[in-house]
Amino acid sequence: MERKTFITLILSAVFSSSACVPRQYHFVNKKLTWTEAQRNCREDYTDLATINNKNDIEELLKSVNDDQIQHVWIGLQKTVSYKWKWSLGDPAFYTGNNSQYRNWVQGKPNGDGDCSNMNPGEWNDNTCANILPFICYSDSSKGYIPVHQNMTWRDAQNYCRKYHTDLVSVRNQTENQQIEKIRNDAHITDGVWIGLFRDSWEWSDQSDSSFRNWMTNKPDNYGGNENCAVVGVKSDHGQWDDWECDIKTQFVCHEDKLVLVKQNLSWNEALKYCRENHVDLVSVHSEQIQRRVMNVARKAFTAEVWLGLRHSCTLGIWFWVNGEILCYQNWAAGHGTGVENCSDAVRVGAVQSGGDQRWVSLPQTDKLNFICTSYGE
Ligand SMILES: *[C@@H]1O[C@H](CO)[C@@H](O)[C@H](O)[C@H]1NC(C)=O
Ligand SMILES: *[C@@H]1O[C@H](CO)[C@@H](O)[C@H](O)[C@H]1NC(C)=O
Ligand SMILES: *[C@@H]1O[C@H](CO)[C@@H](O)[C@H](O)[C@H]1NC(C)=O
Ligand SMILES: *[C@@H]1O[C@H](CO)[C@@H](O)[C@H](O)[C@H]1NC(C)=O
C-alpha cells in the first residue's frame with residue numbers, strides 16, 4: 001500500500017499532472033454483452049474502461065459498489081493487429097515515440113516467441129515459457145535491478161511488479177547501454193528478460209496502454225472464441241480473464257473530462273497543446289458528447305471552438321483524431337457534407353459557441369479556442 005502511494009506521488013511529480021490523475025470510473029449494474037456494454041459506455045460516458053496501471057485497478061475496484069458482482073467487462077478486446085509493447089504500459093512513462101525504441105539483433109524478431117530478451121545489448125524474440133534471469137525497473141529509485149533467478153517471462157513480470165515496479169522498459173540507446181552494463185556487471189552470462197512482449201489486445205478507446213494484468217495461465221482462449229476481457233472483482237483481486245464477448249455481465253465505463261482552453265490557436269497548435277497537456281482534442285461520436293461539448297463551448301471567447309475533426313483530401317472524408325470515422329454528425333447547413341476546397345489550407349472542424357451550436361468546416365490556420373479531453377478528477 002505504502003509503495004503504491006509512493007509510486008503515485010513520484011508519477012504525479014515527474015509526469016505532466018493531467019496524465020496521472022486517476023480516471024473516473026463508472027460501474028454499470030446491467031448485464032450486457034461486451035459490444036452492448038461498449039455502446040452503452042460511449043453513449044453515457046466516454047468508453048468502456050481503459051486501465052493504465054495498478055492504481056487504476058484499485059480505482060476501478062472501488063467503483064464497483066455491489067458485493068454480489070464477480071466479473072465486469074473492461075474495454076480490452078482481441079484484434080487482428082499483433083504488436084510489440086512494454087509491460088510497463090502506462091503511457092505517462094513515455095514521451096514522444098520513445099515507447100517505440102527497439103534494438104533487435106539483425107534478422108529479429110523472426111517469430112521465435114512473444115517475449116524478448118537482451119543479450120548482450122541486442123534483443124531477441126523468445127518463447128515466454130523459457131526460463132531466464134531478468135532486470136526489473138524501480139520507479140521509486142529510478143534504478144535497474146538485476147535478478148539472478150531463472151524464471152518464465154510472466155513469473156519475472158510478477159516478481160518485478162511485486163518487489164519493484166515492472167520488468168524493465170528501454171526508451172533509448174542511453175538506457176539500453178545502462179541496462180546492458182547492469183547485466184554485464186551482475187555477471188549474468190545468459191540473456192535477460194526485458195519488458196517487451198507481443199499481443200493482439202487493444203483498448204476500445206484506442207488508448208496506447210500496454211498494461212496487462214492477466215490471471216495465471218490467462219488469456220487461454222478456451223474454446224477458441226474468447227476475445228474480450230473481464231476483471232475479476234471479488235476473489236481475483238482485479239486480475240483479468242478472457243471471455244466470449246457475447247456473455248452478458250456488468251461493466252465499468254470511464255469518463256474523460258472536457259477542458260475548454262481559452263487561447264486562440266491554429267488547429268494544429270491546439271492539437272499539440274491538448275496532446276501535451278491533456279489527452280487529445282475532443283472527438284464527438286455521440287449526441288451525449290455533443291451535449292457536453294455544447295455546454296463547454298458556450299463559455300468560449302471565439303465564435304467557433306476547435307474539435308478533433310479533420311478532413312482528408314486524399315480520401316475525401318472527415319474523421320476524428322482518435323481514428324474514428326463520423327457516425328453521429330451535426331453539421332451546419334452548407335458545411336461538411338459537400339466537396340471541400342482542397343487547394344486551400346487543410347480543412348478542419350469546429351463547433352459554434354452560440355446559436356444552435358452546429359459544426360463548421362474552417363481552414364486549420366484560423367485561431368480559435370478549443371476543447372481537450374482529459375481524465376476525470
Ligand atoms: C539458469 O539457467 C542456466 C541455463 O540452464 C544455468 O546455466 C544457470 O546456472 C541458471 N542460473 C541460476 C541462478 O539458477
Ligand atoms: C533517454 O530517455 C530518458 C527518459 O526519457 C531521458 O531522460 C534521457 O535524456 C534520454 N537520453 C537520450 C540520449 O535521449
Ligand atoms: C481571441 O479571439 C477573440 C475573438 O477574435 C478575441 O475577442 C479575444 O480577445 C482573443 N483572445 C486573445 C487572448 O487574444
Ligand atoms: C479554393 O481555395 C483557393 C485558395 O484559397 C481559392 O483561390 C479558390 O477560389 C477556392 N475555390 C473554391 C471553389 O472556393
Side-chain angles (χ1 to χ4, degrees), residues 10-11 13-16 19-20 86 88-103 115 117-121 123-124 126-153 155-156 159-160 165-196 208 210 259-267 269-270 273 276 296-306 350-355 360 362-371:
I10 295 272
L11 281 171
V14 171
F15 302 107
S16 77
C20 299
W86 293 105
L88 175 46
D90 194 333
F93 184 71
Y94 305 91
T95 50
N97 63 352
N98 69 7
S99 66
Q100 297 304 313
Y101 172 77
R102 303 287 184 263
N103 194 37
C115 293
N117 66 53
M118 178 189 273
N119 187 24
W123 310 353
N124 297 281
N126 199 336
T127 311
C128 306
N130 277 352
I131 54 165
L132 290 176
F134 51 97
I135 297 183
C136 303
Y137 170 72
S138 162
D139 216 353
S140 49
S141 68
K142 302 278 175 257
Y144 305 119
I145 300 98
V147 181
H148 228 297
Q149 294 179 43
N150 287 326
M151 289 190 196
T152 65
W153 187 89
D155 287 347
Y159 179 99
C160 291
T165 301
D166 212 319
L167 271 169
V168 71
S169 284
V170 191
R171 292 174 292 188
N172 55 38
Q173 201 187 341
T174 314
E175 291 189 345
N176 199 68
Q177 282 162 357
Q178 288 165 349
I179 295 158
E180 165 54 16
K181 186 169 184 308
I182 299 262
R183 188 193 72 88
N184 200 40
D185 291 353
H187 305 292
I188 300 176
T189 49
D190 302 310
V192 284
W193 288 130
I194 56 174
L196 196 69
D208 276 343
S210 54
V259 180
L260 174 69
V261 182
K262 294 176 182 169
Q263 293 183 33
N264 298 340
L265 298 184
S266 74
W267 188 89
E269 289 164 347
Y273 182 97
E276 282 176 359
V296 173
R298 266 183 222 122
K299 302 183 189 93
F301 291 144
T302 49
E304 296 93 11
V305 181
W306 291 133
V351 62
Q352 296 163 333
S353 52
V360 292
L362 296 171
Q364 84 85 18
T365 44
D366 281 9
K367 305 261 181 189
L368 304 180
N369 292 177
F370 51 97
I371 298 172

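For the numbers below, each heavy atom of this structure counts, side chains included, while hydrogens, waters and symmetry mates do not. Read the numbers this way: they start at 1 and go in the same order the structure lists the ligands and their atoms. Being a predicted model, the structure only gives us computed values, none of them experimental.
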(Q) Any nitrogen or oxygen of Thr302 lying under 3.5 Å from a nitrogen or oxygen in ligand 3? Just yes or no. (A) no

Distance under 4.0 Å to a non-hydrogen atom of [X]: what atoms of ligand 2 satisfy this?
| X | value |
| --- | --- |
| Asn98 | 5 (O) |
| Glu175 | 2 (O), 3 (C), 4 (C) |
| Thr174 | 11 (N), 12 (C), 13 (C) |

Considering heavy atoms of the protein only, find what lies nearest to [atom] and give residue, atom and distance to 0.1 Å.
| atom | answer |
| --- | --- |
| atom 9 (O) of ligand 3 | Asn264 ND2, 4.8 Å |
| atom 7 (O) of ligand 3 | Phe301 O, 4.3 Å |
| atom 1 (C) of ligand 2 | Asn172 ND2, 1.5 Å |

Counting heavy atoms under 4.0 Å, the part of Asp190 that contacts ligand 1 is side chain

Backbone of [Y] reached by a side-chain donor or acceptor of [X] within 3.5 Å:
| X | Y | result |
| --- | --- | --- |
| Asn264 | Lys367 | no |
| Glu175 | Arg171 | yes |
| Thr165 | Asp139 | yes |

Closest to atom 2 (O) of ligand 1 (heavy atoms only, candidates Asn150, Val147, Ile188) is Asn150

Counting from 1 in the order shown, the ligand 1 atoms closer than 4.0 Å to a non-hydrogen atom of His148 are 13 (C)

Residue pair Ile194, Trp86: steps toward the side chain to side chain contact (heavy atoms under 4.5 Å, CB included) verdict: CA-CA 9 Å; Ile194 56 174; Trp86 293 105; 4.2 Å; yes

For [atom], is the nearest protein heavy atom under 4.0 Å away?
| atom | value |
| --- | --- |
| atom 14 (O) of ligand 1 | yes |
| atom 11 (N) of ligand 1 | yes |
| atom 5 (O) of ligand 3 | no |

message = Could you walk me through whether Asp366 and Trp306 satisfy the side chain to side chain contact (heavy atoms under 4.5 Å, CB included) test, starting with their C-alpha distance in whole Å, then the side-chain angles of each, then the deciding distance to 0.1 Å, before giving a yes or no?
response = CA-CA 10 Å; Asp366 281 9; Trp306 291 133; 3.9 Å; yes

Worked check of side chain to side chain contact (heavy atoms under 4.5 Å, CB included) between Leu132 and Asn126:
CA-CA 10 Å; Leu132 290 176; Asn126 199 336; 3.9 Å; yes

Note to self: Walk me through whether Leu196 and Arg102 qualify under side chain to side chain contact (heavy atoms under 4.5 Å, CB included).
What the structure shows: CA-CA 9 Å; Leu196 196 69; Arg102 303 287 184 263; 3.8 Å; yes

Practice problem: Would you check if there is a donor-acceptor pair between the side chains of Trp123 and Asn176 at a distance under 3.5 Å? | Solution: yes

Checklist entry - Are Leu167 and Tyr137 side-chain neighbours, meaning at least one heavy-atom pair lies under 4.5 Å? => result no

